[in-house]
A.B. asks: 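Dropping a structure here in structure tokens format, bear with me for questions.
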Number of protein chains: 2
Amino acid sequence: MDKQTITIYDVAREASVSMATVSRVVNGNANVKPATRKKVLDVIEKLDYRPNAVARGLASKKTTTVGVIVPDVTNMYFASLARGIDDVATMYKYNIILTNSDSNGEKEINVLNTLLSKQVDGIIFMGNEITDKLRDEFKRTKTPIVFAGSVDEENIYARVNIDYVAAVQEEVKNLIDRGNKRVAFVCGPLEQAINGKYRLKGYKQALKSAGIPYDDKLVFETDDTYKTGTLLQPALMAVNATAAMVTDDELAAGIMNGMSDADVKVPDDFEIITSNDTKLTEMVRPKMSSITQPLYDIGAVAMRLLTKLMHNEPVDEKNVLLPYGLMKRESTK
Amino acid sequence: MDKQTITIYDVAREASVSMATVSRVVNGNANVKPATRKKVLDVIEKLDYRPNAVARGLASKKTTTVGVIVPDVTNMYFASLARGIDDVATMYKYNIILTNSDSNGEKEINVLNTLLSKQVDGIIFMGNEITDKLRDEFKRTKTPIVFAGSVDEENIYARVNIDYVAAVQEEVKNLIDRGNKRVAFVCGPLEQAINGKYRLKGYKQALKSAGIPYDDKLVFETDDTYKTGTLLQPALMAVNATAAMVTDDELAAGIMNGMSDADVKVPDDFEIITSNDTKLTEMVRPKMSSITQPLYDIGAVAMRLLTKLMHNEPVDEKNVLLPYGLMKRESTK
DNA sequence: CAGCAAATTGAAAACGTTTTCACCTAAATC
DNA sequence: GATTTAGGTGAAAACGTTTTCAATTTGCTG
């Protein structure tokens, strides 16, 4: 007894109808007489027939599978998006092939190509540094692509984000209004547009509005890890920063713990605001104030958008911006 | 111009060879003359031919895709396993279809069936309560299945875990040796064998060795969430517990923060040990002492095991136990 | 240089569906 | 009751590969 030996043909024979008819009842096609529908259904039940999705995919050119490219599921930010994606994918009868890219351009290209060879019906991409080579690969395919929590400066692809510029600007303004003259900006790689072009822009705008000159000594480009954060305290002190706007929660947690370990009191001596509002913000002490993002929803909306694209439905706005908020907790005064 | 219109047939024609030969070079079959191999390769390059994995799957009955059933990727424990799985899957040229089950029996069955209909070559299952119905579904298929971080009491399926009984026993013994007479056991659902049969057993054994009678008032069955943990302080105090062995890191973090918020000092007034050693343990203050588990490796080894099963290679031991450790941090004396 | 084994190729049959037509029936129209 | 019309149905052709088997070529052996 092999894997799955009962085919549509067996059902057809047993029910004395054609394969076409079996296919119709399996697919809920209306044009089949109730009596024969029942007959076929009974045989399907009796034989325990399960349609082979691969054969179906070949014949119909639809796999009901979408590819999801994510830097690292182990990062709670992305895990939350992924969960939102999977939930609405399931809702629409799709499955997701999940791949970790480590934000590595070469891996991203490889993974994209294997996803395409597997004939996924659509792709959701997360990752913020889109190299020219990757962009070229994107352009080669007709398969719909949407970005989740990732910007597209060239305004080609559908994407869902929050307004990073405005959010950072607002938070940095608050920091300045509270008397901080030297606010550090601690971020992931500046090559990533989300940091280098958007968040940094918000930071600069806030400074400008407040009449504070931009000082690049206050900008700390990191690799977004907790560990790196824990090591940053001396450098931050060295430039006399009294607050930091941080672009990643784990990184921010690292900074905060580094401060505490060096007996710098948060928020009294140093204020910290983070950006992703993962559950980490609540678990850490003091709890971290954060820009709030609807993480799950970003994924969910991205997937919903993708279903529209896959079904050739019109989408009114390619650049969807979900509302953000500002959550004051205990790492700010 | 559609999705991907260049087929193996086009390549064959252009290179004036048969489809069979093209198939051979694509699959690296040795039996093809170097000259014609080069000719074919050139045409492939020129036409930018990409094999259609779906057609390939239908013809070969191998999809190079495995299904992964996980309670929730958003939980760092499972995210880490998933990462390990994906990395070795990639290494062996497999992709993973990732599905969240919320540990819901019905969802697990649905998801299993759609994975099977998609003809995955293997399945990795995470989740600890295996209902009879689910077990029946498992039995219906010849597709190899391995459990990751999940026990199989019936000893049917390959699985990779740590020795939960021994680990818990050891840690609880330490707690007792340090003078704690009343050690609470705070766990997820006891229906889950990993809690109800393994960890609880370790807890009981430790008590017994120390000559302490088992008191079920000290056993707290929860839903494994952070939030629930934060609410547990009063109940724990009410039964005069002075320490707790906790089965989930987020849950433990909740308990610890709940204690701190109620001015119960950890570890001086209350000791806490957790079980999964996710990076959360280091981020929280005080840092949590934990049983250490090689999370990534559990996933990686499970996937490696699955490749063996899929290739019909012999596996020496179906029940693989990876080494655990005990990491003292700051939540214990 | 005949004879045979090994290496290289191609034709065609799977693989298990969906989908396009054409055909047939039974109901509806006049 | 002849003529449409629409609903049901089946035959067979896709879909793009792999794989089997036989045919052809090539290379050796003596």
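Both backbone and side-chain heavy atoms feed into the values below; hydrogens, waters and symmetry mates do not. Residue numbers start from 1 in every chain, and the chains themselves are labelled A, B, ... in the order their sequence lines are given, proteins ahead of strands.
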A.B. asks: At less than 4.0 Å, is any side-chain N or O atom of Lys61(B) found next to OP1 or OP2 of dA14(C)? Yes or no.
C.D. replies: no
A.B. asks: By a strict heavy-atom criterion of less than 4.0 Å, which residues belonging to residues 12-26 of chain B are in contact with DNA chain D?
C.D. replies: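 Contacts with DNA chain D under 4.0 Å: Met19(B), Ala20(B), Ser23(B), Arg24(B).
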A.B. asks: Is it the case that over 12 heavy atoms from other parts of the model lie below 6.0 angstrom from the NZ atom of Lys197(A)?
C.D. replies: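 No - once you tally the heavy atoms of other residues, nucleotides and ligands closer than 6.0 Å, there are 12 at most.
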A.B. asks: Answer yes or no: are there more than 12 heavy-atom neighbours, outside Glu45(A) itself, under 6.0 Å from its atom CD?
C.D. replies: no
A.B. asks: Determine the contact category for Asn31(B): base if any of its heavy atoms lies under 4.0 Å from a base atom, sugar-phosphate if only primed atoms, P, OP1 or OP2 are that close, otherwise nothing.
C.D. replies: base
A.B. asks: Using the closest heavy atom to pick a nucleotide of DNA chain D for each, name whichever of Lys33(B) or Arg56(B) lands nearer the 5' end.
C.D. replies: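 Whichever sits nearer the 5' end wins; that is Arg56(B).
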A.B. asks: I'd like a table of donor-acceptor pairs (distance under 3.5 Å, sequence neighbours excluded) in which one partner is a side-chain atom from residues 67-75 of chain B, with atom names and distances.
C.D. replies:
residue: Asp72(B); atom: OD1; partner: Arg83(A); partner atom: NH1; Å: 3.0
residue: Asp72(B); atom: OD1; partner: Thr74(B); partner atom: N; Å: 3.1
residue: Asn75(B); atom: OD1; partner: Tyr77(B); partner atom: N; Å: 2.8

A.B. asks: Specify the separation, in whole Å, of atom CD1 of Ile8(B) and atom P of dC15(D).
C.D. replies: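 After rounding, the reported distance stands at 15 Å.
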A.B. asks: Side-chain donor-acceptor pair under 3.5 Å between Thr65(B) and Lys118(A), yes or no?
C.D. replies: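 Looking only at side-chain atoms, Lys118(A) and Thr65(B) do form a donor-acceptor pair, the distance falling under 3.5 Å.
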A.B. asks: With the threshold set at 4.0 Å, does a side-chain nitrogen-carboxylate oxygen contact exist between Arg13(A) and Asp10(A)?
C.D. replies: yes
A.B. asks: Reading DNA chain C from 5' onward, which residue's closest nucleotide shows up sooner: Ala55(B) or Val32(B)?
C.D. replies: Val32(B)
A.B. asks: Any side-chain N or O of Asn27(B) less than 4.0 Å from the OP1 or OP2 oxygen of dT18(D)?
C.D. replies: yes
A.B. asks: Round to the nearest Å and state the distance from Arg37(B) atom CZ to dA7(C) atom P.
C.D. replies: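 After rounding, the gap between these two atoms is 14 Å.
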A.B. asks: To the nearest Å, how far apart are Ile6(B) CD1 and dC15(D) C1'?
C.D. replies: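 Interatomic distance, CD1 of Ile6(B) to C1' of dC15(D): 16 Å.
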A.B. asks: Taking Asp121(A) for the side chain and Thr64(A) for the main chain, is one N or O donor matched with an acceptor at less than 3.5 Å?
C.D. replies: yes
A.B. asks: OP1 or OP2 of dA14(C) sitting under 4.0 Å from any side-chain N/O of Tyr9(A)?
C.D. replies: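 No, no such contact exists.
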A.B. asks: Once you round it to whole Å, what is the distance between P of dA14(C) and CG of Leu58(B)?
C.D. replies: 13 Å
A.B. asks: Look at Asp152(B) together with Arg135(B) and state whether they make a salt bridge at an N to O cut-off of under 4.0 Å.
C.D. replies: yes
A.B. asks: Nearest-Å distance, NZ (Lys62(A)) to P (dG16(C))?
C.D. replies: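 Roughly 23 Å, once rounded to whole Å.
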A.B. asks: Report yes if at least one side-chain N or O of Thr36(B) is closer than 4.0 Å to OP1 or OP2 of dT8(C); otherwise report no.
C.D. replies: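 For dT8(C), OP1/OP2 do not have a side-chain N/O of Thr36(B) under 4.0 Å.
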